[in-house]
Amino acid sequence: MKLTGNTVFITGGGSGIGRGIAEALHNTGNKVIISGRRKSLLDEVTTANPGMGSLKLDIENASSIASASQTLIERYPDLNVVFNNAGIMQFDDAAGAIDENLLTSTITTNLLGPIRLTSALIEHLKKQKEAAVLYTTSWLAFTPFALTAVYCSTKAALHSYALSQRYKLRGTSVRVIEIVPPWTQTDMLNSTEEPRAIPLQECLDETMRLLGTDVDEVVLDRAKQLRNNVGPNEHPYVIEFNNWLLGVE
Ligand SMILES: NC(=O)c1ccc[n+]([C@@H]2O[C@H](COP(=O)([O-])OP(=O)(O)OC[C@H]3O[C@@H](n4cnc5c(N)ncnc54)[C@H](OP(=O)(O)O)[C@@H]3O)[C@@H](O)[C@H]2O)c1
């Protein structure tokens, strides 16, 4: 996609990958509006990046999405890029009872939220000359990590939704782009020091480079093997990947 001259709304822009992409887009000549629940984080990022805007939003809450979308359209009529990046990841136990709060909050945040936000803004985006909807899914959308089964299922579902939406929006001004990061050193699962995860800066550099091309899926190098999942008879591959993550011989 074109990396300058956009008006970009990004969820989860107060930390990690979202903050990094927001800052990179801010520095390459875009109007960027970040959002999240923690106002202190949003303020920290906008203070460090004069000219960047922010809007408090709880993506779990349908009425928060509806009012934020209305505010966005009124305040930023040039809005042409909606970047669904916010997400949560928690350990669960697919072999046992799933905690009800974990289940509903993960599905609401990671799947219903992006669908609701995009749905609220899509008619506005269609009126723009060039527009885009972006989704941060995960390499785990394609090969699951069994200890975060609910999380992986939301990312697989979001990937599927993006495919349908891209099909439906063909021939319009709106592109649908999926970002597929591998394990990256952020606060997610306390991974800032995790040696098996890629450094945040590496994730951001590769994402921005690929985002500047015309690909529909920004698949980072480390995520390619999982993205190219073997297809039928995939279970041995899932076992191999999970044994690697869990250090099982
Ligand atoms: N790090 C990885 O290894 C990795 C790999 C693949 C994909 N991803 C995906 O990348 C995206 C960004 O994650 P990250 O690694 O950068 O972790 P992060 O620093 O924890 O970022 C997650 C962001 O989502 C926001 N968020 C969570 N719940 C929200 C809610 N209800 N309403 C609004 N905002 C909410 C958080 O802000 P508040 O808490 O302030 O609301 C936070 O800024 C996620 O979708 C994640 O699934 C991460």
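Every number for a ligand or one of its atoms is a count from 1 in the order of the listing.
Between Leu204 and Gly20, the shortest heavy-atom distance links the atoms CD1-CA, 3.5 Å. Of all the heavy atoms in Phe145 and Leu246, the pair that sits closest is CE1-CD2, 3.9 Å.
Scanning the protein for heavy atoms near atom 4 (C) of ligand 1, the closest one is Pro182 O, 4.0 Å. What sits closest to atom 31 (N) of ligand 1 on the protein, heavy atoms only, is Asp58 OD1, 2.8 Å. Looking only at heavy atoms of the protein, atom 22 (C) of ligand 1 is closest to Gly87 O, 3.6 Å. Counting only heavy atoms of the protein, atom 33 (C) of ligand 1 lies nearest to Leu57 O, 3.2 Å. If you check which protein heavy atom lies closest to atom 26 (N) of ligand 1, you get Ala86 CB, 3.7 Å. Distance from atom 17 (O) of ligand 1 to its nearest protein heavy atom, with residue and atom name: Thr186 OG1, 3.5 Å.
Looking at Thr136, Thr137, Thr154 one by one, the single match for side chain to side chain donor-acceptor pair (under 3.5 Å) with Asn110 turns out to be Thr154.
No donor-acceptor pair under 3.5 Å is formed between the side chain of His159 and the backbone N or O of Ser138. At distances below 3.5 Å, at least one donor-acceptor pair connects side-chain atoms of Lys31 with backbone N or O atoms of Gly51. For Asn80 (side chain) and Thr7 (main-chain N/O), a donor-acceptor pair under 3.5 Å exists by modelled atom type.
For Tyr151, the closest heavy-atom approach to ligand 1 falls below 4.0 Å. Ligand 1 lies nowhere less than 4.0 angstrom from a heavy atom belonging to Thr11.
The shortest N or O to N or O distance between Arg37 and ligand 1 is below 3.5 Å. Between Thr109 and ligand 1, a contact under 3.5 Å exists for no N or O pair. Taking distance alone, with nitrogen or oxygen atoms compared against 3.5 Å, Gly36 stays at or beyond that limit from ligand 1. Ligand 1 has a nitrogen or oxygen under 3.5 angstrom from a nitrogen or oxygen of Ile59.
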Stepwise salt bridge (Lys or Arg N to Asp or Glu O under 4.0 Å) test for Glu206 and Arg222: CA-CA 10 Å; Glu206 203 182 341; Arg222 180 77 76 84; over 6 Å; no
Verdict with reasoning, Ile34 to Asn49, per side chain to side chain contact (heavy atoms under 4.5 Å, CB included): CA-CA 11 Å; Ile34 57 170; Asn49 298 276; over 6 Å; no
From CA spacing to verdict: side chain to side chain contact (heavy atoms under 4.5 Å, CB included), Leu245, Leu147: CA-CA 10 Å; Leu245 279 176; Leu147 270 51; over 6 Å; no
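Which parts of ligand 1 touch Ile88 is read off a 4.0 Å heavy-atom cut-off, strictly below it: atoms 27 (C), 28 (N). Set against the non-hydrogen atoms of Gly12, the atoms of ligand 1 under 4.0 Å away are 23 (C), 24 (O), 25 (C), 43 (O). Residue-ligand proximity, Ser138 to ligand 1, at heavy-atom distances under 4.0 Å covers atoms 6 (C), 7 (C). For ligand 1 and Trp183, the ligand atoms under 4.0 Å from any heavy atom of the residue are 3 (O).
The residue from Asn85, Thr184, Thr136, Thr137 that puts a heavy atom closest to atom 44 (C) of ligand 1 is Asn85. For atom 38 (P) of ligand 1, the choice among Lys39, Glu60, Arg19, Arg38 with the nearest heavy atom turns out to be Arg38. Taking each of Lys155, Gln185, Met188 in turn, the one with a heavy atom nearest to atom 20 (O) of ligand 1 proves to be Met188. Heavy-atom proximity to atom 18 (P) of ligand 1, evaluated over Ser105, Ser15, Gly16, is greatest for Ser15.
Sorted by first then second residue, the side chain to side chain donor-acceptor pair (under 3.5 Å) pairs that include residues 230-241, not counting sequence neighbours, are Asn229-Glu234.
At a 4.0 Å heavy-atom cut-off, ligand 1 touches Ile17 through backbone and side chain alike.
Side-chain contact annotation: Asn27 with Glu23, donor-acceptor N/O pair under 3.5 Å absent.
Within 6.0 Å of the CD atom in Gln70, the count of heavy atoms belonging to other residues, nucleotides or ligands does not exceed 12.
Between Glu178 and Arg227 no salt bridge is recorded (no basic side-chain N to carboxylate O distance below 4.0 Å).
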